[in-house]
Amino acid sequence: MARTTGCILGVMAGLGLAVPLAAQTAKLPIAEGVWVKTVTKCETATTAHVYGGKRFGTFYFYGPKQSMGPANETEPLVRSSKVAGGFVMVNEGPLEVAPRPNGQAVVRANSPSQGVQWTDAVRLCPPATLSKKMRDALTKAGLIKAAPRA
């Protein structure tokens, strides 16, 4: 059965037909978790790039003193493909990620016609190190698991 399913999915892909989401296994070259700019302390971060295995994108607060939101711009991770410079494109873009030494990574937005629009050097922040506001919002959005109660 598994071999037949694999053959069918291979034929579908070869014909340019959509492969069911459940059959796709897109992965990124970075660890799952909450990534914040390297110039920002984890506990004061109001913007994060979140990779939850099945979702990737940006999650942030906005407005005066980041008092509004959060805005959840994560999306299902359907496909990933290698592009120039060691980056991996998320879905159809524009976001791209690349691992860097010392537990860091780079997230950027890249337009085929206009080039790189912005680049964030990021590092992984354990959920316990995030502000309560950010941690609670990420938990409510289902992007991280609730911390066990002490």
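Note that the numbering runs from 1 along the sequence shown for the chain.
For the pair Lys82 and Phe87, the NZ or CZ position fails the cation-pi test of under 6.0 Å to the six-membered ring centre and within 45 degrees of the ring normal. Note that Arg79 lies outside the cation-pi zone of Phe56, set by a 6.0 Å cut-off to the ring centre and a 45° limit from the axis.
Taking both residues in full, the closest heavy atoms of Pro70 and Ala137 are given as CG-CB, 3.9 Å, listed atom of the first, atom of the second, then distance. Scanning all heavy atoms of the two residues, the minimum distance from Ile30 to Ala105 falls at CG2-CB, 3.7 Å. The minimum heavy-atom distance linking Val88 with Val83 is given by the pair N-CG2, 4.3 Å. When all heavy atoms of Pro99 and Gly86 are compared, the closest pair comes out as CD-O, 4.3 Å. Looking at every heavy atom in both residues, Tyr62 comes nearest to Gly69 through CE2-CA, 3.4 Å. The two atoms that bring Val107 and Trp118 nearest to each other are O-CZ3, 3.6 Å, heavy atoms only.
In this structure, the side chain of Asp120 does not engage the main chain of Val106 through any donor-acceptor pair within 3.5 Å. Side-chain atoms of Arg55 come within 3.5 Å of backbone atoms of Thr74 as a donor-acceptor pair (strictly under, hydrogens ignored). For the pair Asn102 (side chain) and Gln104 (backbone), a donor-acceptor distance under 3.5 Å is absent.
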Would you list the atom pairs, donor with acceptor, under 3.5 Å between side chains in residues 34-43 and any protein atom, with sequence neighbours excluded?
| residue | atom | partner | partner atom | Å |
| --- | --- | --- | --- | --- |
| Trp35 | NE1 | Ala31 | O | 3.0 |

Start with the C-alpha distance between Tyr60 and Glu73, add both sets of side-chain angles, then the distance that settles side chain to side chain donor-acceptor pair (under 3.5 Å), and finish with yes or no.
CA-CA 8 Å; Tyr60 59 95; Glu73 294 184 4; 2.6 Å; yes

Side chain to side chain donor-acceptor pair (under 3.5 Å) evaluation trace for Gln117 with Asn110
CA-CA 6 Å; Gln117 301 299 300; Asn110 188 27; over 6 Å; no

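The residue from Leu77, Leu143, Val97 that alone fulfils the side-chain contact (heavy atoms from CB on, under 4.5 Å) condition with Tyr51 is Leu77.
Residue Lys27 places its NZ atom among 12 or fewer non-hydrogen atoms of other residues, nucleotides or ligands, all under 6.0 Å distant.
Interatomic distance, OG of Ser67 versus NZ of Lys133, reported as 6.5 Å (0.5 Å rounding). Remark: Leu130 CG to Thr46 OG1 distance equals 11.5 Å, nearest 0.5 Å.
Lys65 pairs by the salt bridge (charged side-chain N to carboxylate O under 4.0 Å, His left out) definition with nothing, not counting sequence neighbours.
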